[in-house]
Each structure stands twice: as structure tokens, then as C-alpha cells.
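Here is the structure we will look at.
Just follow the structure's listing: the first ligand is 1, and inside any ligand the first atom is 1. Throughout, residue positions are numbered sequentially from 1 according to the sequence presented.
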Amino acid sequence: MNEIRLARPDVGEPEAEAVLEVLRSGQLTMGAKVEEFERAVASAVGVTHAAAVSSGTAALHLAVLALGIGPGDEVIVPAYTFPATANAVELCGARAVLADVDPETFLVDPGSVAAVLTDRTRAVMAVHLFGRPVDWEALRSVVPDGVALIEDAAGALGASYRGVHCGALGALACFSFHPRKIVTTGEGGAVTTDDPDLDAAVRRLRHHGWAELGSMPTPGFNYRLPDILCAIGIPQIAQLESLLAAREQVARGYELRLGSVVLTPRAAEGDRHGWQAYVVQLDRRDDALRALRAEGIQAQIGTWALHGLDPYRTQGAFPGADRAFERALALPFHTQLTDSDLDRVGEVLTHL
Ligand SMILES: Cc1ncc(COP(=O)(O)O)c(C=O)c1O
């Protein structure tokens with residue numbers, strides 16, 4: 001029986017052609033494809049600026065630094081997220097302060113955010129986990145003016161909150177183009193914003209700190225994304241709507257088969273899910289993982305409860321994150337899944 005893969009990127013001939021074009025041009029980095037990719041990302045998100053960077057993690061790191069956050073500052077991070085969300089804060093010398101999540105939606109609980117705000121809080125990481133938009137109004141209402149909202153939209157390209165694209169809600173937003181994302185460049189990321197000063201800061205920091213050649217206000221990194229990789233992303237962004245529609249179709253297929261078997265994911269009424277991953281919840285998650293793998297079906301846990309990892313162990317109890325961590329199961333999710341693939345997954349989970 002053929003193995004059903006967890007993820008499979010939507011790349012083919014157009015991407016291969018685009019890479020060849022770059023190779024033949026002799027301009028492998030800091031060229032026209034970077035600018036074209038950045039314009040495509042900005043337009044898809046509905047913002048004025050998008051800076052391409054080497055990963056979603058680099059995007060988060062630069063977003064925090066661009067806000068001038070550093071030692072003595074605190075940034076609130078959901079206790080259930082990919083570790084990079086918190087690591088980026090800690091690596092700026094600031095403290096990642098955990099807030100609990102709603103175990104049903106996986107999203108940060110505004111009440112828990114309010115409870116850990118201090119006069120050192122400089123920002124809150126709003127993670128649209130697995131592509132489900134955060135309840136922005138509810139979060140915004142507990143965050144004082146002067147505390148920035150940074151979107152971790154790593155998995156939320158194409159998602160929208162009440163008609164506004166994820167990535168256009170916060171002071172800055174961070175995207176990932178890792179192969180498990182709807183648009184991939186192999187590795188890659190972007191920072192989006194409507195603020196020209198923040199965009200300029202991100203661009204300086206991704207390129208050694210240069211404001212212009214000979215002028216370096218602060219030290220920076222090499223977090224650039226080369227033209228070869230930007231070229232891979234451009235044809236996919238042009239197809240974003242159809243990629244999203246194809247994922248919505250797979251999600252509907254799962255809902256039909258699993259809606260009464262496990263807790264299935266969905267966006268809130270009026271929002272659009274980005275469908276980065278299809279993560280269900282059930283009590284016997286580890287049994288399900290074993291059973292799926294035994295049938296040649298790749299599956300994975302959702303993501304991490306950060307207080308279970310060494311750098312974040314001392315922050316107390318987060319029952320919502322614990323419950324999410326124990327029950328979340330990522331099922332195979334990509335546009336090439338067939339009805340019979342979905343049937344096979346459905347069979348295993350129904351007869352657990
Ligand atoms: C919520 C979240 N934030 C950040 C990242 C980091 O992105 P990257 O792998 O491109 O560094 C990921 C990656 O999966 C993620 O899921």
C-alpha cells in the first residue's frame with residue numbers, strides 16, 4: 001500500500017523554469033526576483049511592505065528587533081506554539097512570558113494575556129496557529145496602547161479575519177515559506193507591515209545593518225532570501241487562491257469523514273482559515289499516531305507546549321496548552337490527497 005505523505009509542496013514545472021531563469025541570469029541574490037516576490041507577498045496580504053528573509057524564524061527575530069525590544073523587556077507568547085515564536089524573543093535578550101491558550105481553537109486566550117501584562121510588556125505575539133485567525137478584536141481589547149501586536153502568521157498566508165488578511169492586522173507580521181506551508185521556497189520567510197520605518201529597520205537588519213553602503217546605524221545579520229528561492233515562490237503566490245481552494249476541498253473531505261469522530265478544525269464565523277495544517281483533537285492521540293503510521297499514513301503531533309521545554313519550564317501551569325499538546329494530531333494535508341487517501345485516514349480514526 002502506498003504511503004500517504006503528511007505534506008507535499010505544490011511545486012512543478014513553472015517553479016523549475018523560474019529557477020533555471022535565475023541560474024541563467026547570473027544574478028542569484030539581491031536581484032529582480034526578490035523584489036518581484038516581495039511585491040507579490042505584499043499584494044496577497046494587502047500591505048505596503050513585505051521584506052523577504054531566510055526563514056519564518058528570521059522574520060520573527062527581525063520583527064522583535066525592529067521594534068527595539070531587548071534586555072529588560074517582556075513579550076507575551078502563547079504557551080502552545082512552535083518554539084521559534086518564543087525563541088526569537090529570548091534571543092533578543094528579552095523575556096518570553098507565556099500565556100495560556102484555548103485548547104479548542106489552539107489560540108492565545110485574551111484573559112491569560114491580560115493576566116501576565118506588566119509595565120515591562122512591549123509586545124504580544126499573536127499566533128494564527130495552523131492558519132486559524134486569532135480573534136483580533138478580543139485580543140486587541142486587552143492589550144494597552146503602546147504594546148505592539150506582532151502576528152506570527154507563519155502558517156496563515158491566505159487566511160483572513162473578518163475580511164482582513166492575516167499579516168495586515170498587527171504592527172508587523174511574520175510568514176514562513178517552509179515546505180509544510182501553502183507557499184514554499186524550500187526555506188524562507190517574510191515580514192509584512194504598513195509602517196515604512198519598521199520596514200526599513202527590518203531591511204537593514206537582514207542585510208548586516210546597512211542603511212546604505214557605508215552607513216550602518218546598528219549591527220545586523222545576513223537573513224536575505226536569494227533570488228533562486230524567491231523565484232520558486234512567485235508562481236505559487238500567483239496561484240494562491242486556487243491552492244487555498246484545493247486545501248479547503250480537502251478540509252471539507254476530512255470534515256465529512258471525521259466530523260463526528262474527532263474534534264475537527266475550523267475558523268470562527270466570518271473568518272477564512274489558511275489551512276496550513278489539518279490538526280484534529282482526540283483523547284487517544286498517541287494510539288491514533290501509532291495506528292496511522294502502521295497503515296502507512298504519515299501523521300504528527302500538532303506543535304509544542306513550550307513550558308515542557310527547558311528554556312520555558314519555570315513559568316508555571318498552562319492547562320490549556322497541556323490539553324492541546326496531548327490531544328492534537330496533524331493529519332496528512334496537501335492538495336494531492338485523493339478521496340481514497342481520505343477514506344484510509346477516516347477508517348483508521350473511526351475504528352481506533
Ligand atoms: C507558528 C510558527 N512560527 C514560526 C515558525 C518558524 O518558521 P520557519 O520554519 O520558516 O523558521 C513556524 C514553522 O513551522 C511556525 O509554525
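- Counting heavy atoms closer than 4.0 Å to ligand 1, residue Q276 contributes nothing at all.
- A side chain to side chain donor-acceptor pair (under 3.5 Å) check over residues 90-103, counting only residues at least two apart or in different chains, returns nothing.
- Between R272 and E241 a salt bridge is recorded (basic side-chain N to carboxylate O distance below 4.0 Å).
- Counting the atoms of ligand 1 from 1 in the order shown, those under 4.0 Å from a heavy atom of K181 are 13 (C), 14 (O).
- Between R290 and E295, no side-chain nitrogen of the basic residue sits less than 4.0 Å from a carboxylate oxygen of the acidic one, so the salt-bridge criterion is not met.
- Aromatic ring pairs are classed by plane angle as parallel below 30°, tilted from 30° to 60° and perpendicular above 60°; the pair F333 and W275 is tilted.
- Around atom 16 (O) of ligand 1, the closest heavy atom drawn from F177, F130, F82, W304 belongs to F82.
- If you look at L60 next to ligand 1, the close heavy atoms, those under 4.0 Å, all belong to the side chain.
- In T57, the parts holding a heavy atom less than 4.0 Å from any atom of ligand 1 are both the side chain and the backbone.
- Contact atoms of ligand 1 toward S176: 7 (O), 8 (P), 10 (O) (distance under 4.0 Å to a heavy atom of the residue).
- Residue contacts with ligand 1 do not include H128, since none of its heavy atoms lies under 4.0 Å from the ligand.
- Listed by number with element, the atoms of ligand 1 under 4.0 angstrom from any heavy atom of G56 are 7 (O), 8 (P), 10 (O), 11 (O).
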- Derivation and outcome, side-chain hydrogen bond (donor to acceptor under 3.5 Å, both in side chains), residues D322 and H307: CA-CA 9 Å; D322 286 335; H307 61 295; 2.8 Å; yes
- Task: Give the C-alpha distance, both sets of side-chain angles, the deciding distance and a yes or no for salt bridge (charged side-chain N to carboxylate O under 4.0 Å, His left out) between R257 and E347.
- Result: CA-CA 9 Å; R257 290 161 177 85; E347 278 291 301; over 6 Å; no
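- Atom CD of E104 sits in a sparse spot, with 12 or fewer heavy atoms from other residues, nucleotides or ligands closer than 6.0 Å.
- For ligand 1, the polar-atom distance check finds no N/O of A84 at less than 3.5 Å from any of the ligand's N/O atoms.
- In terms of protein heavy-atom proximity, atom 1 (C) of ligand 1 is nearest to D152 OD2, 3.5 Å.
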